[in-house]
Amino acid sequence: MTDVIEQKALITIFGGTGDLANRKLYPSLYHLYSKGSLSKHFAVIGTARRKWSNEFFREKIKEAIKDIKGSDEFADDFISHFYYQSHDVTDKESYVTLKDLSDELDKKYHLEGNRLFYLAMAPNFFGTIASRIKSEGFVDTKGFHRLIIEKPFGHDLASAKELNESLRQAFREDEIYRIDHYLGKEMIQNISVIRFANSIIESLWNNRYISNIQVTLSEVLGVEDRGRYYEESGALRDMVQNHILQIVSLLAMEVPIKLTTDEIRHEKVRALRSLRVYEGDAVHKNFVRGQYGPGILDGTKHAGYREEDNVDSDSNTETFVAAKLMIDNFRWAGVPFYIRTGKRLAKKATQIAIHFKDVPLNLFSEQKSLAGNVLVIHIQPNEGITLHMNVKKTGQGMETMPVNLDYAHSSQVGMNTPEAYEKLILDCLRGDATYFSHWDEVSLSWNFIDHIAGVWERTKENFPNYKPGTMGPQEADDLLLQDGFQWFSVE
Ligand code: NAD
């Protein structure tokens, strides 16, 4: 157990009355407080357009943390650090009041000028807020200044560049923390340990021993009330550009010389640079898109995507993507990385399956049961790893049977696996940007995605093409079948 160090900072949350702030940020801040990472020397300003008082805001914070065990006892002290400032981010004048409050709290809590700005609101405001933070002197203090921003980071490479340039007017690259909450998940961070702390794994982690890698991020829910956003984004931009390509880069990267932010990023960027960019027909060959139709799932009737609120009745937006990615470097040449993600699928899970090549000669070939070795990394809802192997069936003869060696992470560390947001906020307070996306990664990902999106936008797909409760359209299975593989079932 590492020693807990108190982080001194003023945390300003833009969008302080929103869903993300209530569901994720306030509970995460409470956890950091209960563990001592936030203690006496911190203050939080929530800003949004509504005219709330400090008292009302504090009651809302209390409400947001009420389900956390043991929070009753400390809630009053915790919420006393919270302040509310009604503020329209497009109105220059209200930054003056916000700046005065910031300076006052800095003095009151001895925050040493450390400032973290969390932009928990729609991305079209990011540029305005960043330039006001700069012009109104919020970052003229002597401490650190860091900016956390939420996805989506742009809609394509051009808009991402524009957004980045507007942020860079006020913040250096090393002050910008682009959050990808998947990178805060325990088992995603475990990928580096599984790979680099186990010689039996790392020595096999290449195209001589691995036949293919499969990454699945599947959801049971449909688009819910996010139709308007989703129509613009689709699964490709919402899930593949960020979360999936981040996971692929962690799986594919070379061994960094040290586990420092810069060295890990350097290797992730190199992996993304090796990603084969598809053009024209290659997009149709290697990428499959799907959209859910109406159907029954768990006994409940569900509308198709085109019937959801704020969705075009003739929508060409994909709610499912499967693809075969190729990493053209010495380690991975010839090894497909299959990825898939979608809504209204049979199971909610995030899982990575690493399929090892078969033994060179099957001495047990008369038996059908000799299964390939697969290492499964369970990210969520289960956390752990499973190694699928073959052993001898007890008794006479040499019959084989498959067994699973399981490590269930959640049961090892108890119930308190830190939430991704809690870890990432603490990382940011500590100045550790390892599990945030660097601009180089974001721009390479967008470049890759733009090629796919461009082809898809020019061709209309025959949607809907999958039923709720399935694992997507048949073409997603065919993508693997044509290479002699199958999707590993989601466990
Ligand atoms: P939300 O609509 O619930 O909240 C938006 C907040 O912005 C509200 O507090 C609102 O009052 C404030 N706001 C809007 N216009 C304003 C203005 N002109 N001036 C000042 N305040 C203004 O949105 P959300 O779900 O909390 O999402 C916020 C951001 O986080 C979005 O970029 C979203 O894509 C991203 N995000 C959210 C989630 C989630 O779980 N909710 C997950 C991932 C990413």
Side-chain angles (χ1 to χ4, degrees), residues 11-29 44-52 56-57 60-61 63-64 82-99 101 117-133 136 138 147-155 159-160 163 166-167 176-185 217 219 221 223-235 237-244 246 309-310 341 343 348 350 380 419-425 428 435-437 442:
I11 302 170
T12 305
I13 299 179
F14 292 88
T17 60
D19 173 67
L20 180 78
N22 275 310
R23 281 194 311 112
K24 300 288 181 188
L25 307 187
Y26 301 140
S28 299
L29 291 175
V44 180
I45 305 178
T47 82
R49 272 179 309 189
R50 291 177 208 181
K51 306 251 179 276
W52 284 3
F56 189 76
F57 181 51
K60 290 281 180 193
I61 306 296
E63 179 79 19
F82 283 69
Y83 297 81
Y84 185 77
Q85 175 74 57
S86 172
H87 168 90
D88 185 329
V89 295
T90 56
D91 167 31
K92 191 166 182 279
E93 290 310 304
S94 45
Y95 287 89
V96 177
T97 339
L98 186 61
K99 162 84 168 33
L101 177 62
F117 304 92
Y118 200 121
L119 306 194
M121 49 189 298
N124 52 316
F125 295 116
F126 292 173
T128 314
I129 301 173
S131 67
R132 290 277 175 248
I133 286 176
E136 301 312 309
F138 285 80
L147 178 78
I148 300 189
I149 53 174
E150 276 294 335
K151 76 168 194 182
F153 198 87
H155 180 74
S159 57
L163 170 59
S166 66
L167 298 178
I176 303 173
Y177 289 70
R178 298 176 195 81
I179 210 159
D180 182 328
H181 67 275
Y182 273 77
L183 295 184
K185 291 187 189 292
L217 273 67
E219 295 176 81
L221 289 180
V223 73
E224 308 293 295
D225 56 359
R226 293 170 71 225
R228 187 162 296 135
Y229 160 76
Y230 207 79
E231 275 288 87
E232 293 297 315
S233 108
R237 292 184 169 97
D238 191 43
M239 300 298 281
V240 182
Q241 183 271 332
N242 35 50
H243 312 311
I244 290 192
Q246 281 290 333
D309 286 346
N310 298 315
T341 182
K343 292 193 177 292
K348 176 177 168 62
T350 302
Q380 67 177 22
E419 257 268 9
Y421 275 93
E422 177 191 334
K423 277 213 247 177
L424 292 172
I425 294 171
C428 178
Y435 288 105
F436 292 82
S437 317
V442 174

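Every number for a ligand or one of its atoms is a count from 1 in the order of the listing. Hydrogens, waters and symmetry mates play no part in the numbers below; they use all other heavy atoms, side chains included.
Using a 4.5 Å cut-off on side-chain heavy atoms (C-beta onward), Asp180 and Asn242 make contact. No side-chain heavy atom of Tyr177 sits under 4.5 Å from any side-chain heavy atom of Leu424. Side-chain contact between Ile149 and Ile129 is absent, with no heavy-atom pair separated by less than 4.5 Å. Looking only at side-chain heavy atoms (C-beta outward), His87 and Phe14 come within less than 4.5 Å of each other. Between Arg132 and Val89 the shortest side-chain heavy-atom distance does not fall below 4.5 Å.
At a heavy-atom distance under 4.0 Å, only side-chain atoms of Arg23, from C-beta outward, approach ligand 1. Of the heavy atoms in Phe125, only side-chain atoms (C-beta onward) come closer than 4.0 Å to ligand 1.
In terms of protein heavy-atom proximity, atom 41 (N) of ligand 1 is nearest to Asp19 OD2, 2.7 Å. When hydrogens are left out, the protein atom nearest atom 4 (O) of ligand 1 is Gly18 CA, 3.3 Å; that is the closest non-hydrogen contact. Protein heavy atom nearest atom 6 (C) of ligand 1, with residue, atom name and distance: Gly15 CA, 3.5 Å.
Ring pair His181/Tyr421 is parallel by interplanar angle, where below 30° counts as parallel and above 60° as perpendicular.
Where the criterion is an N or O separation shorter than 3.5 Å, residue side chain and backbone included, Thr17 meets it with respect to ligand 1. Inclusion of Ala48 in the set of residues having an N or O under 3.5 Å from an N or O of ligand 1 is not warranted. Taking only nitrogen or oxygen atoms, main chain and side chain alike, Ala120 does not reach within less than 3.5 Å of ligand 1. The shortest N or O to N or O distance between Met121 and ligand 1 is below 3.5 Å. Any N or O atom pair closer than 3.5 Å counts here, and Asp88 shares at least one such pair with ligand 1. At a 3.5 angstrom cut-off on N or O pairs, Thr47 does not count as close to ligand 1.
In summary, the atoms of ligand 1 found under 4.0 Å from a heavy atom of Pro152, numbered by their order in the structure, are 34 (O).
With 3.5 Å as the limit, one finds a donor-acceptor pair spanning the side chains of Lys151 and His243. One side chain, Gln380 or Thr350, offers a donor N or O that lies under 3.5 Å from an acceptor on the other.
Protein heavy atoms are absent from the space less than 4.0 angstrom from atom 23 (O) of ligand 1. Note that atom 2 (O) of ligand 1 has no protein non-hydrogen atoms nearby, at separations under 4.0 angstrom.
Nearest residue to atom 26 (O) of ligand 1 from Leu20, Leu25, Asp238 is Leu20 (criterion: closest heavy atom).
A cation-pi arrangement is absent between Lys60 and Phe57, since the terminal nitrogen or guanidinium carbon is not both under 6.0 Å from the aromatic centre and inside a 45° cone about the axis.
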